[in-house]
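Atom set for the values below is all heavy atoms of this structure, side chains included, hydrogens, waters and symmetry mates excluded. None of the values given here were measured: they were computed from a predicted structure.
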Amino acid sequence: MSEKELLQLCGSVEEIIYRNESNGYSVLTMLCDGINTTAVGMMSDVNIGDEVKLIGNWKTHSSYGEQFAFEYYEQFMPSTSVSILKYLSSGTIKGIGRATAKRLVEAFGDNTLEIMQQSPERLEEIKGISHEKAQALSEEVRKAFGMREVMIYLEKYHISTREAVRVWKSYGAGAIEQIENNPYILCGSNVEVSFERADLIAAALEKPCDDKCRIRAGITYIITYNSGNGHTCLPKERLSSVTSGYLKLPRENIDEVLEEMILDGSLISDKLNERDFIFLPSLYKSETYSAERLQMLLRFPPERITGVELALDSFEKKQHISYAALQRKAIIEALSGGLLILTGGPGTGKTTTLNAIIELYQQCGIKVALAAPTGRAAQRMSEVTGKEAKTIHRLLEVEWDRNDNPVFKRNERNLLDCDALILDELSMVDASVFEGVMRALPLGCRLIMVGDSDQLPSVGAGNVLGDLIASGKIPVVQLTEIFRQSMQSLIVTNAHKIVHGEMPEIKRTDSDFFFMTCESREKIASTIVDLCTKRLPVTYGYSAFDTIQVLCPSRKGELGVTELNKKLQNMLNPSQGKQYELPMAVYTFRLGDKVMQTKNNYDLLWTKDDGTEGSGVFNGDIGIIVDISRAAKTATIRYDDKFVLYDADAMLNLELAYATTVHKSQGNEFDAVVMPMYYGPPQLYYRNLLYTAVTRAKKTLIMVGNAATLKKMVDNNKKTLRYSGLQFFLERDTDNA
């Protein structure tokens, strides 16, 4: 909307019909020239009786009629006796009800708020207001208008209402002074303004480029950004060099501040393999604690179970099963020792081995708990074992603190109630979550960790499975034999070929792995859409909403996630009218859309059909939009048997999920996977990304594109490099034990 089209609406707030406290979205009744008007927009700090100027335009809502949708607003202190009385009577100021508000306005008229802020002693003139109460009321008014002052101040720097609320919660009345001294406090985890935006504010405040506050924030930004790419630490010289280039400042400036940050504990330095590495304190704590706890489990193993081999022989006869040598080794190790990593590719018998371990534990009276990183992975674990499996977050009873950071109720003071814990999909577990498991694990509890070491590492920071195996300190059994029934699947045999750097079989058309040759982006895209909308549903009965998943190496480009999602949405779920849509930054979400959560949100509440309630939706969870309210900017999403109400703020972490990246698919399996195969950047087209994609398919895999790209991916064995410390801490702690 261009500036000349915007209209102004001035008046006082009569009623707040709806307000989302987390993002400020409000529906208001305004009194404008004696006429009540409905207004909608982002406005978290306005109260009944406030006088405001709204800037926006008129819109007609299909259910609620004509509304003024504002994009910006200006706010003024209530200035007349009438508006002040409305404001104070609304309950906004703690300690003031209707009767007290009336007495104050009758006594001080249009000057009521000014007197309350600047001359609180005069409030004692009112019957029933003591000296203490007068001071308390004055403080409440100053708080209310202090928040308003902070928001107005931040508005000129294009800080959103939602962000301004976080600033106020973090820094209170002193926020403006603190920001002017150091605008980079806005980059803190409780506010999350980007470094680039804070840098623009600093420039507007004429802060020098070599200000130490800027350098500290820049160093923190670089290492935090890299933790988002999976690194728990960075080599010291690399961190210094990258920060120097990013801030366009000499290395000596960076090194000086970096040393100060190490000295004051803002960052941690440690030497790994004769090289200095820098950690964020939280990730350093995660990896060192986990290493120490594992070292303790190795030193104090659980009581050894006797007669393990005889028990296994008896179990084999009873079940009419003959386990392979490596399977027997894994089962015996799990029962004899306290720690085990069980790894192997598809079709190698991990599930069969795991079921034997669980059954034999239970025969021995050992209480077993099962967990996996995601809801889908936990559900699949339950299906294949016949036992209840929980997500790790649910197992650890996640809560959240005042800054929405996860806190686990299960910890050293509230240990898990089990004698053995089996963790599946360990490759997906990051350093912080693994620390949570280690803190809650009782001494003497057996820990069996299951995963595929050839899959991609976790989305979060850390390389837990890889580091544990590389340390050589934890017993590992890698299953390698593909069993006869699995060899009938071309998905399975091709997955193993890929792991070994061999070109998969792509010419067969009589199995579950198909390759469709297409030589142009346009043809590949149209073929994928046709497969998802017509051919696979007709031939196999699959559905793009439930059983088909398009997996892409990249987000960008015509064959990336974003563009394919839009093409698939238009064919699978075309527009039914604007009342069934919610436009967001990248996508317009529609009723019936398949969507994915892209970031852990621990405080999203869910409800099941049976009335069970809980909280938490996690990165990678896939659901369907079952209800949309354009007026309130909310959507209800069904995740399996759970229903979750999203406001506009929460929906910022949603994306369409007809297509998704291979990384986001981890922990999930789909009946059918469709994958574009076309030229792309080497850093995204490599072997274990391809392997991870192939192993997501349970029944059917179709690649669409050119074989040359497939070969390049198979040949590119440059695994994703991750800087992490768990391996070194475990080796060091064990060696020094």
Side-chain angles (χ1 to χ4, degrees), residues 189 220 222-235 239 266-273 275 277-298 339 341 343 371-374 377 391-393 395-396 398 400 405-408 410-412 421 423-441 447 449-453 455-471 473-474 599-600 602 618-620 663 666-667 719-734:
S189 59
T220 303
I222 295 297
I223 196 166
T224 302
Y225 178 85
N226 278 277
S227 71
N229 289 333
H231 305 290
T232 63
C233 55
L234 287 178
L239 174 59
S266 301
L267 296 172
I268 307 294
S269 176
D270 204 335
K271 195 176 286 293
L272 309 179
N273 204 19
R275 192 178 181 189
F277 280 80
I278 306 298
F279 293 77
L280 290 168
S282 60
L283 290 173
Y284 185 78
K285 179 191 71 174
S286 291
E287 294 199 305
T288 52
Y289 181 88
S290 294
E292 290 165 5
R293 198 77 179 83
L294 286 165
Q295 183 266 339
M296 187 175 291
L297 290 173
L298 288 167
L339 279 173
I341 294 173
T343 184
T374 67
T391 63
I392 295 174
H393 288 83
L395 178 78
L396 299 179
V398 68
W400 52 93
N405 295 316
V407 177
F408 296 126
R410 292 287 184 176
N411 51 38
E412 304 96 324
L421 174 62
L423 286 182
D424 199 11
E425 296 283 3
L426 189 67
S427 63
M428 294 181 62
V429 178
D430 64 35
S432 298
V433 172
F434 192 65
E435 177 200 359
V437 173
M438 290 294 99
R439 288 188 181 277
L441 201 68
L447 177 61
M449 297 168 281
V450 185
D452 187 341
S453 58
Q455 286 188 21
L456 294 171
S458 60
V459 174
N463 187 27
V464 174
L465 178 58
D467 278 0
L468 293 181
I469 293 173
S471 73
K473 302 298 179 181
I474 311 295
K599 184 179 180 182
N600 289 346
Y602 302 96
F618 303 105
N619 188 356
H663 285 84
Q666 287 177 266
K719 293 188 177 182
T720 307
L721 172 65
R722 289 212 168 181
Y723 292 117
S724 58
L726 181 58
Q727 172 190 344
F728 299 99
F729 297 140
L730 184 57
E731 290 172 353
R732 184 164 66 197
D733 289 345
T734 306

Checklist entry - Arg439 side chain to Arg410 main-chain N or O, any donor-acceptor pair under 3.5 Å? => result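 No; zero donor-acceptor contacts below 3.5 Å.
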Could you check whether any side-chain heavy atom of [X] comes within less than 4.5 Å of a side-chain heavy atom of [Y], counting everything from C-beta outward?
X: Phe279; Y: Leu272; answer: yes
X: Met438; Y: Tyr289; answer: yes
X: Leu465; Y: Met449; answer: no
X: Met428; Y: Val459; answer: no
X: Asp270; Y: Phe729; answer: yes
X: Leu294; Y: Phe434; answer: yes
X: Leu339; Y: Ile474; answer: yes
X: Ser432; Y: Leu283; answer: yes

Within this structure, what is the [atom1]-[atom2] distance for the pair [X] and [Y], rounded to the nearest 0.5 Å?
X: Cys233; Y: Ile278; atom1: SG; atom2: CD1; value: 9.0 Å
X: Phe277; Y: Leu267; atom1: CZ; atom2: CG; value: 14.5 Å
X: Asn229; Y: Thr224; atom1: CG; atom2: OG1; value: 11.5 Å
X: Asp452; Y: Ser427; atom1: CG; atom2: OG; value: 7.0 Å
X: Arg732; Y: Lys271; atom1: CZ; atom2: NZ; value: 11.0 Å
X: His663; Y: Ser458; atom1: NE2; atom2: OG; value: 10.0 Å

Can you list everything that forms a side-chain hydrogen bond (donor to acceptor under 3.5 Å, both in side chains) with [X]? Sequence neighbours excluded, please.
X: Glu425; value: Arg380
X: Ser724; value: Asp467
X: Asn463; value: none

Item to check | Steps toward side chain to side chain contact (heavy atoms under 4.5 Å, CB included) verdict (Val433, His393) | outcome: CA-CA 8 Å; Val433 172; His393 288 83; 4.2 Å; yes
For [X] and [Y], which heavy atoms make the closest approach, and how far apart are they?
X: Tyr723; Y: His231; result: N-ND1, 2.9 Å
X: Pro373; Y: Thr391; result: O-CB, 4.5 Å
X: Lys473; Y: Glu731; result: CE-CA, 4.0 Å
X: Leu421; Y: Leu441; result: CD2-CD1, 3.8 Å
X: Leu726; Y: Ala291; result: CD1-N, 3.9 Å
X: Thr374; Y: Ala377; result: OG1-N, 3.0 Å

Non-neighbouring partners of [X] that pass salt bridge (charged side-chain N to carboxylate O under 4.0 Å, His left out), sequence neighbours left out:
X: Asp430; answer: none
X: Lys599; answer: none
X: Arg293; answer: none

Checklist entry - Have Thr232 and Glu287 got a donor and an acceptor in their side chains that come within less than 3.5 Å? => result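 There is such a pair (donor and acceptor under 3.5 Å, judged by atom type) between the side chains of Thr232 and Glu287.
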Next on the checklist: Consider side-chain contact (heavy atoms from CB on, under 4.5 Å). Of Ile341, Leu426, Thr343, which one does Ser453 pass it with?
Outcome noted: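 Only match with Ser453 under side-chain contact (heavy atoms from CB on, under 4.5 Å): Thr343.
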Next on the checklist: Run Leu423 and Val450 through side chain to side chain contact (heavy atoms under 4.5 Å, CB included) and show every step you take.
Outcome noted: CA-CA 6 Å; Leu423 286 182; Val450 185; over 6 Å; no
